[in-house]
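Inspection log for the structure reproduced underneath, given as structure tokens.
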Amino acid sequence: MAERPAALRITGGRKLRGKITVSGSKNSALPCLFASLLTDGQCQWRRVPRLSDVETALAILQRLGKSIDWRAGTLSAGKAARSGTLNPDQARSMRASILALGPLLAIGKKVILPLPGGCDIGSRPIAVHLAGLEKLGVTICISGGFVKAAPPKRLRAAHIVLDAPSVTGTENLIMAATLARGNTVIENCACEPEIVDLSRMLEAMGARIEGAGTATVTIEGVTALGGCRHLIMADRIEAGTYLAAVAAAGGSVELLKADASVLGAFLAKLEEMGVAIEAKPGSIRAKASGRPIATGFETAPYPGFPTDLQAQLMAVNCIARGKAAIVERIFERRFRHADELALLGADIRLRGNQALVTGAAKLQGARTEATDLRASASLVIAALAASGDTVIGGLHHLERGYEQLPRKLRSIGAQIRRVRLPYC
Ligand code: EPU
């Protein structure tokens with residue numbers, strides 16, 4: 001008999017108190033894992049989060065010929081990749097599989113990869129990745145829904161100006177350029193901290209990179225890269241999600257291993273909402289009491305307000321005093337959580353890429369369905385602040401990106417458990 005789908009059941013209205021340790025970053029771990037394709041040496045990582053997206057990345061690497069070993073908190077990948085053909089079903093199940101492209105081409109493999117389509121948060125083109133790789137000498141052909149990419153014997157350095165500062169596009173091109181002949185300059189790069197973390201790992205493998213985390217990155221190609229040890233950076237989006245939960249539910253929580261320096265725009269908004277933030281090296285404490293103050297914001301590339309925290313701060317605004325205008329500038333369809341938040345009594349009006357939220361004095365628990373990863377997180381936050389029970393279906397979305405979320409929230413006093421649907 002097929003397993004019944006998993007859901008979360010949350011009884012809201014409890015204040016959150018205690019400490020949570022932040023996990024390693026999903027969006028840093030994924031490119032770092034694919035970077036191991038650049039070498040047949042042993043790569044070892046600590047603080048890799050146990051998430052379904054990470055499991056998918058590991059399955060893809062194994063299919064390509066890498067050996068994987070994960071024990072006692074250390075994940076290792078060894079051996080050379082045998083092939084460049086990705087299993088289409090595995091690749092389609094995770095957009096970030098596009099990150100295999102740059103490294104495989106850099107080691108001279110022909111790559112066949114299904115073209116990623118649109119997704120739940122909007123159209124997500126890969127033109128930036130492909131145009132940059134063509135500049136490095138790769139021949140690209142798209143047919144039958146697949147990208148077929150053939151590299152020359154060795155990639156050639158180039159001057160590349162990205163049409164848009166794509167995060168994974170920047171990562172793919174930096175990885176590809178590490179083994180190219182000559183100096184590559186990439187302009188209009190994304191500046192997200194995960195790119196800096198990936199570059200630290202590549203440097204530990206022997207790559208020569210300057211400017212990671214700025215709009216212009218220069219890579220001096222080397223002939224070979226070796227193994228490395230790398231500690232994955234803490235997940236800034238996970239940290240922001242728990243801070244938003246405190247803002248909505250009230251209480252006082254300290255996040256351990258959290259880095260306030262990469263959360264500036266988000267923390268500034270929480271403070272405007274009346275949350276007291278105390279940041280120290282390796283820790284962020286948030287204290288909140290009473291209803292937050294409604295505060296609008298616009299998403300933007302780093303160091304602006306992250307799109308990956310838009311849904312969570314919208315949830316906080318749903319119970320705030322006043323009205324907030326939220327503008328989504330990165331992904332045009334990233335408002336699907338609004339309809340689900342409305343089931344709890346939230347008042348959200350959508351017009352194009354803008355949402356006008358009027359805070360309600362009270363939300364009431366309801367049966368909801370998550371539509372994507374960060375939308376799930378927004379429902380959890382609203383449910384923690386609501387009275388009564390909320391059931392959130394579509395738990396697989398949440399499990400793509402949050403390690404042990406129910407256990408972590410229980411440890412700070414939330415009433416939350418995993419259930420099977422239908423739940424009565
Ligand atoms: N864009 C283009 N052309 C391209 C590529 C992107 O115009 O060829 C545009 C997109 O349409 C979008 C913007 O650039 O408007 C940003 O897209 P980007 O390519 O940077 O997104 P991504 O690299 O596919 C990563 C994260 C996302 C995060 C975005 C934006 C990973 C694995 N994924 O995606 O994370 O939302 O950057 O910060 O790093 C999540 O964790 O929930 C998530 C979706």
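When a ligand or atom number is given, it counts from 1 through the structure's own listing order.
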Shortest protein contact, [atom] (heavy atom only):
| atom | value |
| --- | --- |
| atom 36 (O) of ligand 1 | Asp308 OD1, 2.6 Å |
| atom 5 (C) of ligand 1 | Pro125 O, 3.0 Å |
| atom 26 (C) of ligand 1 | Asn27 ND2, 3.7 Å |
| atom 24 (O) of ligand 1 | Arg124 NH2, 3.1 Å |

Atoms of ligand 1, numbered as shown, that sit under 4.0 Å from any heavy atom of Lys26: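 With Lys26 as reference, the close atoms of ligand 1 come out as 40 (C), 41 (O).
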Between the side chains of [X] and [Y], is a donor N or O closer than 3.5 angstrom to an acceptor N or O?
| X | Y | value |
| --- | --- | --- |
| Ser23 | Glu403 | yes |
| Gln312 | Thr241 | yes |
| Tyr302 | Arg236 | no |
| Thr11 | Asp389 | yes |
| Thr299 | Gln310 | no |
| Ser261 | Asp259 | yes |
| His337 | Asp372 | no |

Indicate yes or no: does an N/O atom of [X] lie under 3.5 Å from an N/O atom of ligand 1?
| X | answer |
| --- | --- |
| His129 | no |
| Ala127 | yes |
| Ile330 | yes |
| Phe331 | no |
| Arg95 | no |

For ligand 1, does [X] get within less than 4.0 Å through its side chain, its backbone, both, or neither, judged by non-hydrogen atoms?
| X | answer |
| --- | --- |
| Gln310 | neither |
| Arg374 | side chain |
| Thr168 | both |
| Ala164 | side chain |
| Ile126 | backbone |
| Val128 | both |
| Val167 | both |

Within the structure, is a non-hydrogen atom of [X] found at a distance of less than 4.0 Å from ligand 1?
| X | answer |
| --- | --- |
| Gly401 | no |
| Arg334 | yes |
| Glu332 | no |

In plain terms, say whether [X] and [Y] are close enough for a salt bridge, that is, a side-chain N and a carboxylate O under 4.0 Å apart.
| X | Y | value |
| --- | --- | --- |
| Glu328 | Arg333 | no |
| Glu203 | Arg200 | no |
| Arg208 | Glu210 | no |
| Lys257 | Asp235 | no |

Least distance between heavy atoms, Leu30 atom then Asp53 atom: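 Of all heavy-atom pairs spanning Leu30 and Asp53, the closest is CD2-O, 3.7 Å.
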